[in-house]
Amino acid sequence: MANNPVALITGASRGIGRGIALELAKVGYDLIVNFAGNADGARATAVECVAVAQAAGKSIRAEICQGDVGKATDRERLITFTREQVARLDLLVNNAGITSIGRADLLDATEENFDRLMAVNLKGPYFLSQLAAKWMIKLTNSQTSTLQTIPGGYRPKIIFISSISGYAVSTNRGDYCMAKAALGMMTKLYATRLADHGINVFEVCPGLIASDMTAPVKEKYDRLIADGLSPIRRWGTPEDVGRAVTAIALDYLPFSTGETINVDGGFHVRRL
Ligand SMILES: NC(=O)c1ccc[n+]([C@@H]2O[C@H](COP(=O)([O-])OP(=O)(O)OC[C@H]3O[C@@H](n4cnc5c(N)ncnc54)[C@H](OP(=O)(O)O)[C@@H]3O)[C@@H](O)[C@H]2O)c1
């Protein structure tokens with residue numbers, strides 16, 4: 001079993017997931033870097049994580065694992081891979097997600113695209129968290145486990161990466177908005193169900209973050225940000241989200257669960 005705590009991050013080959021992996025590496029987490037199709041990106045994330053950890057005086061492992069979170073067999077494989085490689089799981093970060101396919105107007109949206117988005121952005125985190133939670137509960141209960149010797153105890157956590165789109169309407173991304181809104185309830189459900197097992201659950205809600213996902217709408221949002229869309233007038237970075245996740249991972253919020261951490265430059269603040 002790994003001596004370091006272990007984080008499984010879905011969709012960590014690029015963007016926000018990669019930013020989360022790099023920040024967790026710096027504080028000594030071993031990492032399972034999941035990806036859907038971009039193996040080169042995942043390998044690059046893993047290599048970089050080991051390097052930034054080393055620069056911070058930590059020795060970590062980072063393994064890559066292909067898996068489409070929208071498919072049940074792939075979700076099983078991700079957990080099995082983690083069990084076989086490092087035999088423990090301290091943090092699941094449900095980050096993988098896709099934007100609305102084709103960004104079609106509400107009146108033109110197709111069922112096929114709706115089903116695909118819901119499989120990846122909603123069903124994926126729901127059932128991957130179910131698998132992870134069952135394993136975390138087993139690890140918590142295992143008397144022989146070396147986990148019992150961890151100072152402060154084994155304190156596993158689950159994080160859902162939602163979005164400001166969970167409450168801010170975009171009529172050309174209805175499926176995306178609804179899936180992200182549902183992650184807020186998913187956080188509360190798992191937080192309530194898992195509290196007695198000592199597993200804290202959080203929603204991390206990013207605003208506009210510079211990544212491949214937002215690259216096609218960069219110019220539109222450059223203008224809106226300059227005009228004061230959020231009180232902090234800049235794009236967010238994957239590192240911004242990674243640092244919020246790391247605060248949770250380091251157990252700096254031990255008496256909080258079912259909580260939403262906004263990483264959005266203050267976008268959520270209603271203003272007159
Ligand atoms: N960027 C933003 O402004 C923003 C704001 C709020 C919330 N978010 C959310 O943050 C998360 C990450 O967004 P991002 O901007 O980093 O996106 P991104 O740059 O498009 O990266 C998406 C990541 O998810 C992976 N992925 C896609 N479909 C997958 C699947 N079916 N199974 C497993 N992995 C899959 C990709 O893997 P491959 O490289 O292998 O394709 C990639 O690593 C998403 O849930 C997104 O909704 C983003």
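Order of appearance sets the numbers: ligands from 1, and atoms from 1 within every ligand.
- Protein neighbours of ligand 1 below 4.0 Å, counting non-hydrogen atoms: G11, A12, S13, R14, G15, I16, N34, F35, A36, G37, N38, G67, D68, V69, N95, A96, G97, I98, R116, V120, I161, S162, S163, Y176, K180, P206, G207, L208, I209, S211, D212, M213, T214.
- Judged as a side chain to side chain donor-acceptor pair (under 3.5 Å), the pairs with a partner in residues 59-71 (not counting sequence neighbours) are, in order, R61-E63, R61-Q85, Q66-R77, D68-R116.
- In plain terms, the two heavy atoms of L22 and V52 that are nearest each other are O-CG2, 3.8 Å.
- Side chain to side chain, D175 and S100 meet the donor-acceptor criterion of an N or O pair below 3.5 Å.
- Between R234 and D240 a salt bridge is recorded (basic side-chain N to carboxylate O distance below 4.0 Å).
- Note on K157 versus D90: no salt bridge recorded, every NZ/NE/NH1/NH2 to OD/OE distance being 4.0 Å or above.
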>> Apply side-chain contact (heavy atoms from CB on, under 4.5 Å) to residues N121 and Y176 and explain how you reach the verdict.
In response: CA-CA 8 Å; N121 289 14; Y176 184 83; 3.6 Å; yes
